[in-house]
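Position 1 is the first residue of the sequence; numbering continues from there.
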Amino acid sequence: LCRMNSNCFLTRGCLVWLALTLFIHPRLNHASVVIHDNDFPNDRSVVSISGPSVVLESCPPNADCVGLSFALRRTGPGLDQPLTVFLLYQGTATADVDYHPLPMQVRFEAGQEFPSASSTPIDDTLYEGDETVIAYVVEGIDYYVDPNRRQATTVLRDNEPPAPPL
């Protein structure tokens with residue numbers, strides 16, 4: 001275990017020299033040193049999100065429709081470890097009214113790159129027009145969020161016709 005002097009403060013771009021004394025076991029005849037630096041962006045997984053651009057409120061018979069599903073992806077270090085990612089939803093569509101609630105957290109199992117947060121639209125009899133569901137990846141302490149793919153928007157396409165003019 002190496003510790004820095006408490007008077008030393010590091011910022012990005014600092015160069016640190018460590019002098020290590022290693023004991024090499026005579027029968028094993030090798031040694032390994034691993035240094036983890038948590039100040040740099042490649043020390044944690046990077047999480048992004050995507051989703052279908054349009055989902056139908058009601059799927060016609062014999063049609064191949066997709067449900068409301070946001071795919072998460074993680075890249076970088078730590079893929080061999082489980083990771084829980086937190087999500088937030090906004091938009092003009094309302095959970096429990098326009099779609100079944102989506103999960104507030106998604107777990108990446110060890111080795112898993114692409115879990116998803118899935119739900120289905122609720123078919124109602126009201127004309128509301130198209131509505132949106134926007135999923136956001138919430139910043140976490142165990143992962144970074146890809147700034148270019150931190151949110152995904154899906155349109156719920158209403159299947160009721162507008163009321164006739166009076």
Stepwise side-chain contact (heavy atoms from CB on, under 4.5 Å) check, Tyr99 with Glu57: CA-CA 9 Å; Tyr99 62 94; Glu57 180 182 73; over 6 Å; no
From CA spacing to verdict: side-chain contact (heavy atoms from CB on, under 4.5 Å), Phe114, Leu72: CA-CA 5 Å; Phe114 298 102; Leu72 288 104; over 6 Å; no
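Listed by first and then second residue, the salt bridge (Lys or Arg N to Asp or Glu O under 4.0 Å) pairs involving residues 155-166 are Asp130-Arg157 (not counting sequence neighbours). For residues 94-104, there are no salt bridge (Lys or Arg N to Asp or Glu O under 4.0 Å) pairs, not counting sequence neighbours. Within the structure, salt bridge (Lys or Arg N to Asp or Glu O under 4.0 Å) contacts touching residues 65-87 (residues at least two apart or in different chains) do not occur. Applying the side chain to side chain donor-acceptor pair (under 3.5 Å) definition to pairs two or more places apart or across chains, those involving residues 146-156 are Glu139-Arg150. Identified under the salt bridge (Lys or Arg N to Asp or Glu O under 4.0 Å) test for residues 104-127, with sequence neighbours left out: Arg107-Glu109.
Contact of the Val97 side chain with the Ile122 side chain is not registered, since no non-hydrogen atoms from C-beta on lie closer than 4.5 Å. Thr84 is not listed as a side-chain neighbour of Val106, based on a closest heavy-atom distance of 4.5 Å or more. Looking at Thr132 and Leu156, their side chains never come closer than 4.5 Å, going by heavy atoms from C-beta outward.
A donor-acceptor pair under 3.5 Å links the side-chain atoms of Ser119 to the main chain of His100, judged by distance alone.
Side-chain N/O atoms of Asn159 and Tyr127 include no donor and acceptor closer than 3.5 Å.
Contacts of Ser50 classified as side-chain hydrogen bond (donor to acceptor under 3.5 Å, both in side chains), with partners at least two apart in sequence or in another chain: none.
For the atom pair Thr94 OG1 and Glu131 CD, the distance stands at 6.5 Å (nearest 0.5 Å).
At a threshold of 4.5 Å between side-chain heavy atoms, the hydrophobic network of Ile, Leu, Val, Met, Phe, Trp and Tyr places Ile49 and Leu79 in two separate groups. Residues Leu88 and Leu68 fall within the same hydrophobic cluster, defined by Ile, Leu, Val, Met, Phe, Trp and Tyr side chains chained together at heavy-atom separations under 4.5 Å. Residues Phe86 and Val133 fall within the same hydrophobic cluster, defined by Ile, Leu, Val, Met, Phe, Trp and Tyr side chains chained together at heavy-atom separations under 4.5 Å. Tracing side-chain contacts under 4.5 Å through hydrophobic residues (I, L, V, M, F, W, Y), one reaches Leu102 starting from Ile134; they form part of the same cluster. A continuous path of Ile, Leu, Val, Met, Phe, Trp and Tyr side chains, each step under 4.5 Å between heavy atoms, connects Leu87 with Leu83, placing both in one hydrophobic cluster.
In this structure, Gly51 and Phe70 approach most closely via the heavy-atom pair CA-CD2, 4.1 Å. Scanning all heavy atoms of the two residues, the minimum distance from Tyr89 to Ala117 falls at OH-CB, 3.6 Å. Ser45 approaches Pro77 most closely through the heavy-atom pair OG-O, 2.6 Å. Nearest approach of Ser69 to Pro52, heavy atoms of both residues: O-CD, 3.0 Å. The two residues Val55 and Pro121 have their closest heavy-atom pair at CG1-CG, 3.6 Å.
Cation-pi geometry between Arg44 and Tyr143 is not met at under 6.0 angstrom from the ring centre and within 45 degrees of the axis.
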